[in-house]
Student: 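Have a look at this one before I ask anything.
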2 protein chains.
Amino acid sequence: MAASKERITIQDIAEQSGVSISTVSRVLSGNAGVTEPKRQAVLAAVDKLDYRPNLFAQGLASGQSMSIGVMTQNFGSAFYDAILRGIIAGVEKSNYSPLFADGRWRTDIERRALQTLLNRRVDALILLGTQLDSDDLLDLKKQMPLVIVSRSVAGLEQNCLVVDNYKASFQATTHLLDRGHQHIAHITGALSESNVLRDGAQRLAGYQDALRKAGIEPSPKLVVEGSFRSQSGLLAIETLLTRGKPFSAIFAANDQMATGARLGLYRRGIRVPDDVSLIGFDDQPHSAYMTPPLTTVRQPAEEMGLMAAQAVLNQLQGKPFALPMVSAELIVRESVKHIY
Amino acid sequence: MAASKERITIQDIAEQSGVSISTVSRVLSGNAGVTEPKRQAVLAAVDKLDYRPNLFAQGLASGQSMSIGVMTQNFGSAFYDAILRGIIAGVEKSNYSPLFADGRWRTDIERRALQTLLNRRVDALILLGTQLDSDDLLDLKKQMPLVIVSRSVAGLEQNCLVVDNYKASFQATTHLLDRGHQHIAHITGALSESNVLRDGAQRLAGYQDALRKAGIEPSPKLVVEGSFRSQSGLLAIETLLTRGKPFSAIFAANDQMATGARLGLYRRGIRVPDDVSLIGFDDQPHSAYMTPPLTTVRQPAEEMGLMAAQAVLNQLQGKPFALPMVSAELIVRESVKHIY
DNA sequence: CGAGAAGTTGAAAGCGTTTTCACAATAATA
DNA sequence: TATTATTGTGAAAACGCTTTCAACTTCTCG
């Protein structure tokens, strides 16, 4: 565990095993032939002295940092954190290690964080829900392997890993319809924020189209714009109630807002699911423990992280890679009532 | 934004400003006198060419990486993530940048992750709830500035930042007593896990002593050991109910278990707080949105991160530093009923 | 058996900084 | 004014690795 007193270098290994440092470097990097006996000798020395190459020296000499920059938007977001875990797992068995940064959903902060990553000479980049504009992204893409998760960028479709929000949302709404609900409200995610977060818009579209397909014309009175935050879910209930148009179910564009909505209903003494049914989106860890447990749409976040990591690794090795559109899955729990 | 085509080096700056690279280095690092005109010239060149020193070269030459290793135990834990955010904020204005790793509460994984950090030559370390044994930690402490958050280690008291679990727990229990509760159950955190997670034990002690102080002998039948996970909170309700000893309130050692317990009560048709009152610990973001909103103990996680960062930065500069025991605060919401 | 191809190897040249060293220039002291 | 400190400065030596280059072996094949 403890690093030895004196830093040992490639020179030490060379002496210990009676070869030149070039040879040591070669056996360690593996990209050149070395006769077996020398190879063994070097390996033995490495093992004996517990040698660990100096990454700075390696980086300086080779121009590679053996690290992959990963930009999240918020440490603490259940969805993104799960992706992070997936990325860690995916990168684990490679020689690369991830370098994290947090954009905190603010373009200026993200740009600064990106600079830090770039300064550290990351060899590749994984961007989660980035706010950067497409020009910057296209530029980055030219410089190094790139994967963008949870946002699709025109011209970079190859490099984007997104879930089919529309379809998932369509399904969730259909689930409600199948259970006999006719008057279904929707709390949207943030809609306006320029190019970002179009997740919200896609989910809204899925909801509307599902309704139409069932022969129901979506009513503007039943959709209220949220911000993906719990608070906005709470507020949405007030708005909905004030508008006075009755509804028997609510589909929230994410679990946080569903949670907020749930509290709003509780405050008004409206029972879930007896009086109003509720569906969320994301399947946050705690959603399974809500009262009642929340029916929601699960995005395979961890798997997505894994896929992103794999794709980046493949690019790094010049191998082909593909990022299919991943589909989400409805998790049926107890927040939806069957109406007869 | 985009890095220029050709990497520009200190050499370019030297030429552009008509001085030697030594001088450039000096004005940039600031630790040697340079006459004002040259200084200005260099700065101008740096600005003009948008020069950014190569961190590898710097690291190699100076032996410093200008990075601080930060080990968390789980991306996705509300408490730890908040600390992470605090650390980021605290380190932001310095020249250092954080390097994150995830120990996932598994000693072997943590050791490996630590090695990665060490290989990257971090200049200092912040360890959150580490599982490493004290010998390793003492060893690390000798090598570099170190701050350990949320765990106290014998011989390293100076370097540990912990919250007063005992006191907070005592207060939470007292709150229940003050509201007239006599039969208070406790769902503990993980107790047995060797040296780690003694948070659980401290919270248990606080609970017991508060009871005793009120003249109530704590009953073993009312405490059930949990694991800090939601699931164990759910199970605990079953255990408690099976034991048959009545209780009017539950104090869970964290919010996750409180959430689990809440679901358990819901399943049994036991109302909160009408039939049973509930208190948690941690004040997770979503706890404010539970039904009913959960009374809980808030640890100032983000502030703790800030303090940890500051302490590490001070150490790095050879300045004195201190890590006071931070105290938690009871957040009264709606999950506790006043019994008359 | 001999010529060229292929495989091994060490010396040495970077990679882009920081830092030591020696020297020159300036300021302070006598 | 002559000496001695003090500063400011560039050349050059690290820092620890990768990679090119050239030399030397060892194969292959006609």
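Fair warning: this is a prediction, and the values are worked out from it, not measured in the lab. Proteins come first, then strands; the chains are lettered A, B, ... in the order of their sequence lines, and each starts at number 1.
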Student: Which nucleotides of nucleotides 13-24 of chain D have their base under 4.0 Å from a protein heavy atom (B), which only their sugar-phosphate (S), and which neither (-), written as one string 5' to 3'?
Tutor: --BBBBBB----
Student: Can you spot which of B:Val147, B:Asn159, B:Leu137 makes a side-chain contact (heavy atoms from CB on, under 4.5 Å) with B:Leu127?
Tutor: B:Leu137
Student: Would you say a side-chain N or O of B:Lys38 is under 4.0 Å from OP1 or OP2 of D:dG8?
Tutor: no
Student: Looking at B:Arg121 and B:Asn119, would you say the former's side chain and the latter's main chain have a donor-acceptor pair under 3.5 Å?
Tutor: yes
Student: What I'd like to find out is whether the side chain of A:Asp199 reaches to under 4.5 Å of the side chain of A:Ser150, using heavy atoms alone.
Tutor: yes
Student: Please tell me if A:Ser20 has a side-chain N or O lying less than 4.0 Å from either OP1 or OP2 of C:dT9.
Tutor: no
Student: I need the CG-P distance between B:Leu55 and C:dT17, as an integer number of Å.
Tutor: 9 Å
Student: Sort out for me which residue in B:Gln299, B:Met304, B:Arg151, B:Met325 forms a side-chain contact (heavy atoms from CB on, under 4.5 Å) with B:Val162.
Tutor: B:Met325
Student: Search all heavy atoms of B:Ala101 against all heavy atoms of B:Leu117 and return the closest pair with its distance.
Tutor: CB-CD2, 3.9 Å
Student: Tabulated below should be each protein N or O lying under 3.5 Å from an N or O of nucleotides 24-26 of chain C; please produce it.
Tutor:
none

Student: For A:Asp102 and A:Phe75, indicate whether the former's side chain and the latter's backbone hold a donor-acceptor pair under 3.5 Å.
Tutor: yes
Student: Determine the minimum heavy-atom distance between A:Val91 and A:Ala309, stating which atoms define it.
Tutor: CG2-CB, 4.0 Å
Student: Would one find a side-chain N or O of B:Thr23 under 4.0 angstrom from OP1 or OP2 of D:dT9?
Tutor: no
Student: Is the shortest side-chain heavy-atom distance between A:Leu43 and A:Asp47 below 4.5 Å?
Tutor: no
